[in-house]
Amino acid sequence: MTRYERIPEPTETRNYPDDEIDLRELFTIVWAGKWIIILSTLFFAVCGVAYALYKPDIYQANALLAPADGESGGRLGGQLGSLASLAGVTIGEDSSNNTVIAKEVLQSRAFLADFIRRHQLEAPLMATEAWNNRQKEWVYDRKIYNPETGEWGTDEDGESLRPTDWDLVKTFRENHLKVSENKDNGMVTVSVKSLSPIAARQWTEWLVKDINEHMRTQDVEEAEASINYLEAKLNETNIAGMQQVFYQLIESETRTVMLANAQREYVFKTVDPAVVPQEKSEPKRALIAIIATLLGGMLGVFTVFFRAFIRSPSTISE
């Protein structure tokens, strides 16, 4: 050590503020407010159980459908497609495209409004309180609808409570109908929810039957219109080659009509029909009670810490 070297002075220990949360203090705060947490948890648990018990049972019926084979126009489309386009006629449709159209029609406003009106589902959709499983009948809210007279009630302004097509379709779409497609195999599942297990199955069957009938009627009408058009064009020409083309087109459209009328399931074939569900699908009462209990506990803990923070802001930070 030289004479000019200085002996290092001992460094002073600096005290830095401790920003870490003291677990002991947190536990003390929680323990001090344990009754608030317990009462909050108990209150929410009771409310959750009461709400779960108040909710009526909802049943869901499912029908698994497969796209029907589109034979009409499938084999002749390649041979006569170009000739038909020259004559202004379209021969058949691709089966996959027809299935996509049918799936969208099934959820369309016009189809559902007609479906509800045709099967007289206005009151079961809009005026029921419950389903009497013993007597197998609906329990109606008589302030809205009188099942004996078939009359709808009125509101405070004297306006009729009879639902419009908009109300019916919106309720049916949001609360009852679900249509899903398996992208891997093309299978379509039609699901219907209802307070009545019998109605859930019946409505599902009606939907499948009606969409098949709707698409069949539409294709038959288009084919018959094409036949009338082709027959008129046939009478206007004397060219043998064109007459042969028209005969082939008329034959194709006639075949479309025959196949459509011969197939019971025109667009969708039922793979697994809907059955009366024996178990409810909703509500999940145990899950509702658990979530309500957890929310009550969390709210209680938050209340305890918030109260401690208001009373002594330095309790947690120090």
Side-chain angles (χ1 to χ4, degrees), residues 44-65 106-107 111-155 160-165 167-180 188-213 268 270-293:
F44 273 77
V46 172
C47 291
V49 171
Y51 175 77
L53 294 176
Y54 171 78
K55 294 285 290 182
D57 291 341
I58 297 177
Y59 298 87
Q60 177 174 300
N62 304 309
L64 182 62
L65 311 175
L106 181 60
Q107 304 173 79
F111 175 82
L112 290 179
D114 181 68
F115 170 81
I116 294 169
R117 298 292 188 187
R118 182 169 57 255
H119 295 288
Q120 300 178 351
L121 303 181
E122 300 96 323
L125 280 176
M126 308 298 293
T128 54
E129 291 182 335
W131 169 258
N132 190 328
N133 197 37
R134 177 172 299 179
Q135 299 181 1
K136 308 299 182 184
E137 62 181 16
W138 292 106
V139 178
Y140 292 97
D141 185 349
R142 295 182 177 270
K143 295 181 181 179
I144 301 177
Y145 177 77
N146 189 333
E148 282 78 19
T149 61
E151 296 180 353
W152 292 83
T154 56
D155 58 14
S160 175
L161 294 176
R162 179 183 293 273
T164 62
D165 288 349
D167 299 327
L168 292 170
V169 173
K170 181 180 180 182
T171 299
F172 195 73
R173 279 178 177 172
E174 294 180 353
N175 302 332
H176 299 276
L177 177 63
K178 180 182 179 181
V179 180
S180 58
V188 176
T189 301
V190 177
S191 305
V192 176
K193 294 180 180 180
S194 176
L195 296 174
S196 164
I198 298 176
R201 177 191 63 85
Q202 186 66 76
W203 296 359
T204 305
E205 291 181 345
W206 283 344
L207 280 170
V208 176
K209 179 181 178 182
D210 286 7
I211 189 60
N212 278 321
E213 190 61 31
F268 293 118
T270 303
V271 176
D272 188 12
V275 297
V276 177
Q278 301 296 317
E279 299 179 356
K280 63 179 178 63
S281 63
E282 298 176 15
K284 308 293 185 182
R285 292 189 171 90
L287 181 61
I288 293 175
I290 292 173
I291 292 177
T293 303

Discussion item. Tell me whether Arg162 is salt-bridged to Asp167, with the criterion being a basic N under 4.0 Å from an acidic carboxylate O.
Written reply: no
- Query: Is the shortest distance from a Lys or Arg side-chain nitrogen in Arg142 or Glu148 to a carboxylate oxygen in the other one below 4.0 Å?
  - Reply: yes
Beyond-backbone contact of [X] with [Y], side-chain heavy atoms, under 4.5 angstrom:
{"X": "Trp203", "Y": "Phe172", "answer": "yes"}
{"X": "Arg134", "Y": "Lys136", "answer": "no"}
{"X": "Phe111", "Y": "Val169", "answer": "no"}
{"X": "Pro283", "Y": "Tyr51", "answer": "no"}
{"X": "Thr293", "Y": "Phe44", "answer": "no"}
{"X": "Asp155", "Y": "Leu161", "answer": "yes"}
{"X": "Met126", "Y": "Ile144", "answer": "no"}
{"X": "Leu207", "Y": "Val179", "answer": "no"}

In Ile211, Val208, Leu65, the residue satisfying side-chain contact (heavy atoms from CB on, under 4.5 Å) with Leu106 is Ile211
One pair to check against side-chain contact (heavy atoms from CB on, under 4.5 Å): Arg117 and Asp165. What are the steps and the verdict? CA-CA 9 Å; Arg117 298 292 188 187; Asp165 288 349; 2.8 Å; yes
Heavy-atom pair of closest approach, residues [X] and [Y]:
{"X": "Tyr59", "Y": "Ser196", "value": "CD1-C, 4.4 Å"}
{"X": "Trp138", "Y": "Leu195", "value": "CZ3-CB, 4.0 Å"}
{"X": "Leu168", "Y": "Pro163", "value": "CD2-CG, 3.6 Å"}
{"X": "Ala200", "Y": "Val192", "value": "CB-O, 3.7 Å"}
{"X": "Ala199", "Y": "Ser194", "value": "CB-OG, 3.7 Å"}

Set out, in order, the CA-CA distance, both residues' side-chain angles and the distance that settles side-chain contact (heavy atoms from CB on, under 4.5 Å) for Val276 and Gln278, then state yes or no. CA-CA 6 Å; Val276 177; Gln278 301 296 317; 4.3 Å; yes
Rounded distance [0.5 Å steps], [atom1] in [X] versus [atom2] in [Y]:
{"X": "Arg201", "Y": "Trp206", "atom1": "CZ", "atom2": "CH2", "value": "9.5 Å"}
{"X": "Trp131", "Y": "Ile198", "atom1": "CH2", "atom2": "CD1", "value": "4.5 Å"}
{"X": "Asp141", "Y": "Thr128", "atom1": "CG", "atom2": "OG1", "value": "9.0 Å"}
{"X": "Ser281", "Y": "Ile58", "atom1": "OG", "atom2": "CD1", "value": "6.5 Å"}
{"X": "Lys170", "Y": "Leu125", "atom1": "NZ", "atom2": "CG", "value": "14.0 Å"}
{"X": "His176", "Y": "Leu112", "atom1": "NE2", "atom2": "CG", "value": "11.5 Å"}

Q: Taking Asn132 for its side chain and Val139 for its backbone only, find out whether a donor-acceptor pair lies under 3.5 Å.
A: no
Only residue of Lys280, Arg285, Lys193, Lys284 satisfying salt bridge (charged side-chain N to carboxylate O under 4.0 Å, His left out) with Asp57 is Arg285
